[in-house]
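See below for the structure under consideration.
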Amino acid sequence: MELSKAYDPKQVEDKIYKLWQESGFFNPDYLPGKRKKSYTIVVPPPNITGVLHMGHALNLTVQDILIRWKRLQGFKTLWLPGTDHAGIATQNVVEKELKKEGLSRFDLGKEKFIERVWQWKEKYGNIILEQFKKMGSSMDWSRTRFTMDEGYTLAVKAAFLHYYEKGLIYRGKRVVNWCPRCQTSLSDLEIEFKEEKGKLWYIRYPIDQKSNIKNQKYVTVATTRPETMLGDMAVAVNPKDERYKNLVGQNVVLPLVNIEIPIIADRLVDLEFGTGAVKVTPAHDLVDADIGFRHKLGIKQVIDERGKITKDAPLPYQGLSVLEAREKIISDLQNLGLLEKVEDYIHQIPKCYRCNTTIELIPSEQWFLKMSAQGGGLAEMAIKAVKSGKIKFYPKNFEKPYLEWLKNVKDWCISRQIWWGHKIPIEGSEDVLDTWFSSALWPFATLGWPSSAKATEGKAQKNDLQNFYPTDVLSTARDILNLWVSRMIFSGMEFMKKIPFSRVYIHPTVLTKEGKRMSKSLGTGIDPILLIDKYGADATRFGIAFQIMGGQDIKFLEDNIMMGKKFCNKVWNASRFVLFQSGQNKIENAKSAFNSKNLTPADKKILKSLEETIKFIDKSFDSFEFGQAAHRVYEFFWHDFCDSYIEISKKEGGKESKNVLAFVLFSSLKILHPFVPFITEEIYQNFPFKDKQKFLMVENWPK
RNA sequence: GGACGACUAGCUCAAUGGUAGAGCAUCGCGUUUACAUCGCGGGGGUUAUAGGUUCGAAUCCUAUGUCGUCCACCA
């Protein structure tokens with residue numbers, strides 16, 4: 001045998017990947033044999049901003065295991081790669097780049113800026129796809145898509161117009177989450193709440209002199225955001241609150257602004273909190289907007305898109321930033337004797353998930369997609385798809401948060417005031433679409449939808465939609481369950497009249513050993529590319545798969561990757577031994593490798609163990625139990641095969657033992673292949689059987 | 001404030017009602033036709049706590065604690 005003593009992934013992996021690519025077998029159209037049933041996975045398209053992180057590495061491992069397993073089982077497998085333009089995220093990284101040159105996007109202007117983002121996409125967008133290859137991903141590169149390529153853009157346009165004509169898209173002025181830095185609206189899912197120490201200010205609103213209220217000069221309200229009082233339209237109390245019953249219907253004078261506003265009763269007011277009386281600012285708070293709408297209070301916007309006080313506020317405050325205004329208002333109130341007390345208060349502050357700027361709530365003209373959970377609405381379709389069991393979640397407990405979210409979902413604000421993205425296809429609108437609007441079309445837009453719009457030009461083959469939709473499994477991270485998964489589901493049902501995938505696998509989150517989220521900014525992340533460099537892709541994959549136990553989050557241990565490397569070396573050396581044996585024995589045929597009449601008990605035992613292992617792996621893969629499968633194959637190969645059977649065969653091998661050795665190894669390569677594709681392929685290429693395939697990748701899965 | 005999950009050997013995890021296992025770490029022995037990235041063997045656990053169900057509980061139930069993730073309009 002020509003195999004070297006220790007396995008060196010660097011000598012093997014790139015070489016093997018190149019051979020696979022040249023074979024064309026990543027492409028379902030060129031797979032050998034009769035393959036009637038298709039098996040499709042579309043990869044969750046990574047943002048073009050990023051580099052591969054452990055979450056990707058895990059997800060790629062999982063998907064490649066499934067795809068390789070099904071390919072070996074004779075399915076027409078398609079794993080479709082691609083990337084996402086990731087609107088705000090990408091715009092932000094390019095802006096950061098510009099900042100280094102002392103420029104802003106406004107200095108460049110819209111056209112030049114977008115050009116610049118495309119340059120970024122060309123330069124960095126492919127890096128992540130190259131990293132996919134490093135992981136051994138058997139994706140069909142001829143079908144690579146980008147959420148802003150030509151055909152995809154047509155799909156997005158068609159989808160928008162479809163909703164628009166159906167009356168599901170409307171425009172309206174609503175209080176929306178607004179990032180003063182990104183200068184755009186954000187959906188609820190794009191904000192993150194962070195705990196901050198703040199104050200709770202108790203402010204006295206003088207009761208109107210004309211009111212016949214005795215013994216009470218003020219109503220005191222508690223607020224964490226005194227600056228918004230400039231836009232107050234009412235003071236609200238709970239209708240059941242006895243303390244304020246006599247005040248409802250009366251007026252107070254809004255301090256600093258000196259206008260009269262009413263005291264109203266509304267059930268949304270919590271009796272327990274603060275004083276039980278709350279200032280109502282319909283322009284800058286969602287609950288207040290709701291209250292204001294019901295009581296027809298009107299709206300006064302006092303904070304603008306840049307986070308400055310508007311001209312609708314009293315002169316002294318105009319142009320101040322929110323924080324400056326807050327300071328001045330507090331000191332002014334203090335001078336007037338209207339500040340009753342101040343308490344420390346810890347609360348959740350909404351932050352932009354991309355740039356961490358504090359979110360302002362401001363009224364703004366936006367586009368919305370109706371999300372009704374009744375009457376055949378989009379949310380209802382997505383609910384039914386899961387409730388009916390057509391789409392199953394693994395683990396099942398993710399169904400609950402999914403359904404809860406959809407049940408209570410508000411209309412989806414789909415417009416963004418940024419430059420990088422799909423333009424809203426309506427005359428006069430400069431807005432672009434929320435990046436998830438295009439991502440929602442991923443399972444079918446990538447396969448050529450809508451064929452009528454000639455979107456098939458280029459990558460997708462003519463009949464891809466018929467052949468590969470619905471896809472089989474969507475494997476993704478849990479934090480985009482609603483952001484992405486639910487939206488793909490209703491989009492698929494709306495446009496294709498069919499669910500986009502039948503099974504959703506929510507993969508475990510990779511945490512640090514301490515159980516904390518891996519974070520780039522904290523420096524607690526681990527770069528899978530470095531792991532590949534150090535241990536090889538096979539070892540990295542095996543080490544990751546080994547740790548996937550149920551839906552449990554993974555406290556990542558590099559030791560497991562080390563274990564993967566040792567395991568690979570074991571496979572390598574066992575193969576060296578067996579191939580040397582069979583080389584002497586001149587076995588030429590896998591099918592008739594041994595004569596089953598002359599088997600020793602040990603021969604029979606290892607064959608039975610192999611059979612059971614195969615069954616177990618099939619069952620495990622089918623239920624996404626990758627760790628269980630990895631443990632079993634490890635146990636089988638290392639202990640049953642190497643420690644026990646090989647050692648026995650050396651000392652008291654039967655007539656057929658050398659043949660059985662070769663046969664069991666041959667089968668082992670197949671069942672190991674989904675985990676560790678490179679090393680198994682390399683060994684396979686050195687196997688002496690004459691009736692083997694060109695590549696292990698397209699062998700027949702053993703039974 | 002809700003929902004979900006975790007808590008088992010020093011570490012990371014198995015074991016879903018029947019005498020608690022693996023890998024790593026640790027200790028001892030060992031170079032026999034692959035592999036020292038190895039082989040053989042040893043030590044190490046009242047399964048977070050308190051109750052309950054059961055012939056029998058790591059496993060089921062109830063509380064408590066700690067940690068984690070997601071959701072949420074308490075100003």
Side-chain angles (χ1 to χ4, degrees), chain A residues 1 3-8 175 188-189 193 198 200-203 221-226 228-229 232 235-236 268-281 284-291 345 347-348 350 361 395-402 404-405 408 410 477-482 506 508-509 511-517 535 539 543 546-560 562-581 584 627-628 630-632 634-635 638-639 642-643 646-647 649-651 653 661 665:
Chain A
M1 260 328 297
L3 303 179
S4 61
K5 194 171 171 182
Y7 176 62
D8 180 9
V175 175
D188 288 348
L189 295 168
F193 287 88
L200 192 57
W201 284 277
Y202 287 76
I203 303 169
V221 299
T223 181
T224 55
R225 301 205 55 195
T228 62
M229 70 179 287
D232 281 2
V235 167
L268 287 185
V269 180
D270 183 351
L271 289 87
E272 308 289 324
F273 189 86
T275 60
V278 58
K279 56 194 273 316
V280 181
T281 322
H284 301 293
D285 186 284
L286 288 171
V287 181
D288 292 8
D290 198 15
I291 295 174
Y345 188 67
H347 57 154
Q348 311 288 323
L361 292 157
K396 197 177 182 340
N397 16 348
F398 286 106
E399 280 180 15
K400 200 173 170 182
Y402 168 89
E404 277 303 303
W405 185 78
N408 303 311
K410 288 183 279 183
R478 82 186 45 157
D479 50 349
I480 50 177
L481 182 66
N482 295 317
I506 304 292
T509 306
L511 305 171
T512 65
K513 195 186 160 216
E514 285 70 37
K516 298 271 159 64
R517 192 166 258 283
Y535 305 102
F546 202 79
Q547 294 181 77
I548 302 177
M549 284 296 186
Q552 282 318 75
D553 285 346
I554 292 168
K555 289 184 198 162
F556 183 76
L557 265 188
E558 195 165 319
D559 293 358
N560 283 294
M562 183 54 137
M563 179 275 301
K565 186 179 161 79
K566 280 158 84 170
F567 182 58
C568 287
N569 198 55
K570 191 73 180 176
V571 171
W572 184 256
N573 276 296
S575 301
R576 282 177 60 220
F577 176 77
V578 172
L579 291 184
F580 178 75
Q581 298 289 317
Q584 290 188 322
Q628 298 289 356
H631 278 257
R632 180 63 178 259
Y634 179 95
E635 174 78 21
W638 199 305
H639 297 123
C642 294
D643 292 346
I646 289 183
E647 292 309 319
S649 77
K650 282 179 189 169
K651 287 169 195 146
L661 271 175
L665 176 64

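Throughout, protein chains are lettered first and strands after them, A, B, ... in sequence-line order, and every chain is numbered starting at 1.
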Rounded to whole Å, the CZ-C1' distance (Arg517(A) to rU69(B)) equals 8 Å
Could you tell me whether Asp643(A) contacts a base, only the sugar-phosphate backbone, or nothing, with contacts defined as non-hydrogen atoms closer than 4.0 Å? sugar-phosphate
Phosphate-side-chain proximity, Tyr345(A) and rA75(B), N/O vs OP1/OP2 below 4.0 Å: yes
When rounded to the nearest 0.5 angstrom, what distance separates CG in Asp559(A) from CD in Gln547(A)? 9.0 Å
Integer-rounded Å distance: rC11(B) C1' and Met562(A) CE: 16 Å
Need one value for Leu557(A): base, sugar-phosphate or nothing, where a base atom within 4.0 Å counts as base even if backbone is also close, heavy atoms only. sugar-phosphate
Residues Asp285(A), Lys279(A): salt bridge by 4.0 Å N-O rule: no
Listing time: all N or O pairs from protein to nucleotides 31-33 of chain B that are below 3.5 Å?
| residue | atom | partner | partner atom | Å |
| --- | --- | --- | --- | --- |
| rU33(B) | O4 | Lys650(A) | O | 2.3 |

Separation of the C1' atoms in rC38(B) and rG23(B), to the nearest angstrom: 15 Å
Length of the line joining Asn397(A):CG and rU69(B):P, which is rounded to integer Å: 17 Å
rU59(B) to rU19(B) separation - C1' atoms, rounded to the nearest Å: 15 Å
Set of side-chain contact (heavy atoms from CB on, under 4.5 Å) partners for Leu361(A), sequence neighbours left out: Val175(A), Asn177(A), Leu286(A)
Euclidean distance, atom CD of residue Gln552(A) to atom P of rC13(B) [Å, nearest integer]: 8 Å
Span that lies between the C1' atom of rC73(B) and that of rG5(B), in whole angstrom: 27 Å
Among the nucleotides rA34(B), rC13(B), rC35(B), whichever has the atom closest to the side chain of Lys5(A) is rC35(B)
Under 4.0 Å, heavy atoms only, any strand: does Arg478(A) hit a base, just the sugar-phosphate, or nothing? sugar-phosphate
Any idea which heavy atoms bring Cys568(A) and Tyr7(A) closest together, and the distance? CB-CD2, 4.2 Å
Distance check: side-chain N/O of Trp638(A) vs OP1/OP2 of rA22(B), anything under 4.0 Å? no
Roughly how far, to the nearest 0.5 Å, is CZ of Arg517(A) from CG of Leu511(A)? 7.5 Å
Contact class for Cys642(A) vs. all strands (heavy atom < 4.0 Å): base, sugar-phosphate, or nothing? base
Check the surroundings of atom CE in Met562(A): do more than 12 heavy atoms from other residues, nucleotides or ligands lie under 6.0 Å from it? no
side-chain contact (heavy atoms from CB on, under 4.5 Å) assessment of Asp553(A) paired with Arg478(A): CA-CA 11 Å; Asp553(A) 285 346; Arg478(A) 82 186 45 157; 3.0 Å; yes
CG/Leu200(A) to OG1/Thr224(A) distance, rounded to the nearest 0.5 angstrom? 7.0 Å
Lys570(A) vs rG39(B): side-chain N/O to OP1/OP2 distance below 4.0 Å: yes
Of the candidates rC74(B), rA34(B), rC73(B), the side chain of Asn573(A) sits closest to rA34(B)
Choose from rU69(B), rA3(B), rG39(B) the nucleotide whose nearest atom is closest to any side-chain atom of Lys400(A). rA3(B)
Would you write the dot-bracket representation of RNA chain B, where each base gets (, ), [, ], | or . depending on whether it forms a Watson-Crick or G-U pair under 3.5 Å and with which partner? (((((((..((((....[..)))).(((((.......))))).....(((((..]....))))))))))))....
Let's go through Glu647(A) and Lys650(A) carefully: what are the C-alpha distance in whole Å and the side-chain angles of both, what is the deciding distance for salt bridge (charged side-chain N to carboxylate O under 4.0 Å, His left out) to 0.1 Å, and is it a yes or a no? CA-CA 5 Å; Glu647(A) 292 309 319; Lys650(A) 282 179 189 169; 3.1 Å; yes
Determine the Euclidean distance between corresponding C1' atoms of rC11(B) and rG30(B); express it in Å to zero decimal places. 28 Å
Take the protein atom CE of Met549(A) and the nucleotide atom C1' of rC7(B), then report the distance between them rounded to whole Å. 17 Å
Starting at atom NE2 of His639(A), determine the distance to atom C1' of rG39(B), rounded to an integer number of angstrom. 10 Å
In whole Å, what separates the P atom of rU12(B) from that of rG17(B)? 26 Å
Check every atom of rG68(B), rC70(B), rC35(B) against the side chain of Asn569(A) and return the nucleotide holding the closest atom. rC35(B)
Atom pair CG/OG1 of Asp232(A) and Thr223(A) - distance to nearest 0.5 Å: 8.0 Å
Rounded to whole angstrom, note down the P distance from rG43(B) over to rU54(B). 37 Å
At under 4.0 Å, does any side-chain N or O of Gln628(A) touch on OP1 or OP2 of rA15(B)? yes
Any residue meeting ring-ring contact (aromatic ring centres under 6.0 Å, His included) with Phe546(A), in chain and number order, not counting sequence neighbours: Phe542(A), His631(A), Tyr634(A)
If you assign each of Leu511(A) and Asp288(A) to its closest nucleotide in RNA chain B, which residue comes earlier from the 5' end? Leu511(A)
Using the C1' atom on both, measure rU47(B) against rC7(B) and round to a whole Å. 10 Å
Do Lys513(A) and Glu558(A) come close enough that some side-chain heavy atom pair is under 4.5 Å? no
From CD1 of Ile506(A) across to C1' of rU69(B) the rounded distance in Å is 13 Å
Readout for nucleotides 24-30 of chain B: B = base within 4.0 Å of protein heavy atom, S = sugar-phosphate only, - = neither; 5' to 3' it is S------
Contacts of type side-chain contact (heavy atoms from CB on, under 4.5 Å), residue Ala277(A), not counting sequence neighbours: Val219(A), Val221(A), Val235(A), Val237(A), Tyr244(A), Thr275(A)
Separation between the C1' atoms of rU46(B) and rG42(B), rounded to whole Å: 23 Å
Here the distance between atom P of rG68(B) and atom CD1 of Ile554(A), to the nearest Å, is 19 Å
Hey, what do you get for CD (Glu635(A)) to CG (Asp643(A)), rounding to the nearest 0.5 Å? 9.5 Å
